[in-house]
Each structure stands twice: as C-alpha cells, then as structure tokens.
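Residue numbering restarts at 1 for every chain, and letters A, B, ... go by the order of the sequence lines.
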Amino acid sequence: MIRDDSTSLDDAGLAARIAAGDEAAFVIAYDRHSGFVFGSVVRFLGDRDAAAEVVQDAFVTLWRRARLFDARSGSLLTWLLAIARHRAIDRLRAEGRRPGRDAVRIDTAAGDGNPGGPGGWTEMPPELIAGSTTDPSEVATRRWVQAVVRTGIAELPENERQVIVLGYAQDLSQAQIAERLEWPIGTVKSRTRRALAQLRLRLGSLPELDETLPGQPRGSLAAEAADAARPDR
Amino acid sequence: MSTMDHAAAHERIEDLLLEPARLAALEASGEPDDVALREHLSECPTCRSDLETGRRLARALGAALPDTTAAAAAAVEPIEPPSSLRTRVIGAVHDTARSDVATVPARNSGLSRWAALAAVLVVAVGAVGVTVDQAGKRAAAEAEATALTNVVAAVHRVLASEHKVVPLRTAAGTDAGSISWSRHDWVVLTTGLTAPASEQRYKCWLEDSERTVLVGQMLFAGDTAYWVKSVDDWATWEIGPETLFVVTLEAADAQVRTGEPVLSADLGS
C-alpha cells in the first residue's frame, strides 16, 4: 500500500507518485537527489549558473517523464544523472558552435568547491566540441564519470573521504594511512570499507562505468534516460 | 579443488579492495592467500563477478582523483546547490502542473468520452440543484456534483499518465461502460446499472483463480454509476492475465460475493 509518508518511499514508489502528479513526492525526490546531480554537473561544466539551469531542466524532465522511469534498470539518481549528462553535453555543444569560439570558458567561483582549481580544469578541452578530431563523446564520458565519481566521494563523511583520497589518489596502504592520520589501523579499515560500500551503492549502477571499459554493453537505463531527455514531443 | 571457501574468498576480496596496489598485483602475487584466492576465482563465477565490480570501482576512483593529496582533497570538496535553485525548480514544476491540467489533450478513447460526459453531468446536476426549491434535494444534488467533480479530476489524472482502459460488459456481453486505471487511480463509469433497492448495493470485486477481494461499491449520479479509488488508500493488486473486475448486486453489508456478475471487465485483456 502506498502511504502518505512519501519520505519512506523507494525510487519506484516515488516515481509512481510523481508520474501521477504528486508535487509533494517531487519535492522529496528533489531534496533527496539534487545535491548529487548539482555537484556532478558543476564539476562537469565548471559553471554553477549553467549547472543550475541543467539541474532545473533535469528535474522538470523528471516531473514530465517520471512514467518512463523503470526501477529494474537502475536507481532514480542514476536516471537523473543520465538526463543531466545529456543536457550538459547539449549545452556544451551549443556553446561550442558559437562563431569565433574554440573553447568554452569556465567561470570559477570561490567557495563553491573551485572546480577550476586543482583537480578541475579552467577551459573545456576542445575535444568536447563537435568537429574535433578526437571522439567528443568518449572524452565527455570520461569527464562525466570523473565528475560523478568525485561527487560520490564528496558526499562521504569527511573521515571516510580522507581515507579514500589517501588510498586512491596517493596509493597509500592502510598502514600508511593509519600512520599519516594517527588513527588505529582498524579504524582506517572500517572507514574505508564503509566508504567503498557507499560508493558502490551510489555509483554501482552508473552505466558509464561500464561504457569506459571495452566490450561492455551500454546500460539500458542510460538509453531510457536518453529517451526521457529528448525535447518534449 | 580450491582450498579457500566462499566466505574466506569474499573477505579476501574485500581486503584487497582496501588497497588498490595490492588489488592490481593479485595476478602476480605469490602470497599464499592470493594464490588460494586465484584458485577459488577460477571455480567461482560469483566471486569473479564481485572482484570485477570492485576493480571497476577502484579504476573509476583512481582515474577520478588527481595524484596529489591537496589537489584530490580540493576536487572532492562538497558542493551545495544554491537554495534559490530549489525555489526555482519547485516553482517551475508547479507552473508546469497547472498548465498541464489546463491543457490535458483530448484523446480518442472511451475514457475521454466519459470525461466529457461526466463534465456535462456536473453541469446538469448543478443546474438541477439551482432549480430545486428544497434544501435537502439541493444538498444531495450538490453532493452529486462534488462527487462527479472528483470523478472528472480522477479521469484527468488517469488520462495524464500511463493508463489502461478496458470495456465493462453486461452478462449478455454488451458494452456498458469502462474501467480505467493508472498507477495511482481507478475509475469505473457505466450507464448499464439502475439504482438498487435501499438495502442493496452494487459491489465491486477484483478476482482471479485464487481469490476474490471486495474493493468498493458503485455510486450513482443520475443515470451514471461510478466508482473512483486512489491507490493511496487501497491495497495494491497485481493485475495478471486472469484478473477480472466484477460488479454484483449484494446486500448492503455484504463482505463476501454471492451474486452473479452484473458487469465485468477482463483486466488482463
């Protein structure tokens, strides 16, 4: 039975209520997933204002196309991310076609995670713009996965974020991390395990993780989201 | 035969995932536990799949992070959306919802015909309410108008989302209305019933080969009988190929079906 307490609904229940025109359910979905989608798009585009427009577009698409969501193909977050990715790439292409421009300038904003600073990029690579000699969709996919994975790490509690950064950016062993942070080795291991479990949960159904590997089929959810992301018919 | 059991292999994989360098070195490692794990993997597709999932995540994490700690820490600083975005998005959706209600497209289905009929009935019942000079009858007419307004609203909700419409048929097999449903609402509309005696009701049932469940009863507004239900306050039912919706004439307090079908619809058709 579907209850009025929509906060306890799983993705399928939430999408069903949104498809039926339930604005309260939509607000819950927004509060549940907007942070992750926004963080990913900001990291991808490097522009908070543009990211806000893409996120708005993605959530309005959710409102209009929630009936197309199929929980068997993946999570609602993955679906929203796929829509946002299409919108963001469309935006880059549109800007890249402007006369006299060979790169998309990135506007960085202090205090917002500084996507243009260390670890980010200050100009969108020209390969992302149609007409380049490198396959722009491959470059875009790599950039997108990077943005989403970084956002997944950013959503972890700080002490879990630290062990992932030290372990996966610097290849430190668990013992070295324990020494560096002056934590017991057991604490380092348990925090790393929790972090990896959370990342697997949030990122595991991301189809682009497979797309970056040779011979892997494209996720059906990505195809559904691509369908949802098409302009209103 | 592998010397490492499934649980030990799973634990070893989880350990390797803690350190990407050891994970990458698994194939070449001479450590006894790694050798035993490799033997187990050669016989266990489940553990091979677990390991591959972990490797995929590990590769994605490694590729996503810059090499220096300071750069990596900066790259994964949390980014919060502006609060104004929430207001904007919810406002945009609210406006969209209102315009959608105002422009629900007319569809060439039996249901849209019913929507039009129900809307006409609302007007007709309202008009009757104005001309009747008796407070009780006026209240009853207004109640019917309100009920039909709710029917119209439910019809619009059904039409606006993915839905299915199936004809209702009399025992003789003639069309007598329709039953339609979306994920959220059920609407039954028919002109094939006449108002029952005061101690009787037309009861609605869902049934298949295994069970029969009472789901409601038909109400009347003029010559139209209807039943509207939201899934919010009604247990879900898996619609299978043999599921029937049946209307029978029963005693007002009946909880078990005894009457013969007056109307029925094959929901799995």
Sort [X] into side chain, backbone, both or neither according to what part of it lies under 4.5 angstrom from a heavy atom of chain B.
X        : value
A:Asp31  : side chain
A:Glu53  : both
A:Gln174 : both

field: Residue selection (most heavy-atom pairs with chain A, distance under 4.5 Å) from B:Arg86, B:Arg22, B:Arg88
entry: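 Option with the greatest count: B:Arg86.
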Chain A contacts, top residue of B:Ala73, B:Gly62, B:Ala58, B:Ala21 (heavy-atom pairs, under 4.5 Å):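 Ranked by contacts with chain A, first place is B:Ala58.
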field: Contacts of residues 181-194 of chain A with chain B (heavy atom under 4.5 Å)
entry: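 A:Lys189, A:Thr192, A:Arg193 fall under the 4.5 Å cut-off.
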Would you say the side chains of [X] and [Y] form a donor-acceptor pair under 3.5 Å?
X        : Y        : value
A:Ser40  : A:Arg150 : no
A:Arg202 : A:Thr151 : no
A:Ser173 : A:Gln176 : yes
A:Arg200 : B:Thr53  : no
A:Ser75  : A:Thr78  : yes

message: Using the rule given for side chain to side chain contact (heavy atoms under 4.5 Å, CB included), can you reason through A:Leu196 versus A:Tyr168, listing the C-alpha separation, both sets of side-chain angles and the distance that settles it, and then say yes or no?
response: CA-CA 11 Å; A:Leu196 289 172; A:Tyr168 281 84; 3.9 Å; yes
task: Examine whether an atom of B:Ala60 lies under 4.5 Å from a heavy atom of chain A, and if so say whether it belongs to the side chain, the backbone or both; otherwise answer neither.
output: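 For B:Ala60, heavy atoms of backbone and side chain both lie under 4.5 Å from chain A.
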- prompt: Measuring heavy-atom distances to chain A, does B:Leu17 have an atom under 4.5 Å in its side chain, in its backbone, in both, or in neither?
  reply: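 Backbone plus side chain of B:Leu17, per the 4.5 Å heavy-atom cut-off to chain A.
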Closest approach of B:His40 to B:Ala9 (non-hydrogen atoms, all atoms of both residues):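 Nearest heavy atoms, B:His40 then B:Ala9: CD2-CB, 3.3 Å.
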message: Just verifying a value: how many Å separate B:Arg38 CZ and B:Leu51 CG, rounded to the nearest 0.5 Å?
response: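 Going from the CZ atom of B:Arg38 to the CG atom of B:Leu51 covers 11.5 Å.
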message: Are B:Phe245 and B:Trp181 an aromatic pair, judged by ring center distance below 6.0 Å?
response: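 No, they do not, as the ring centres are separated by 6.0 Å or more.
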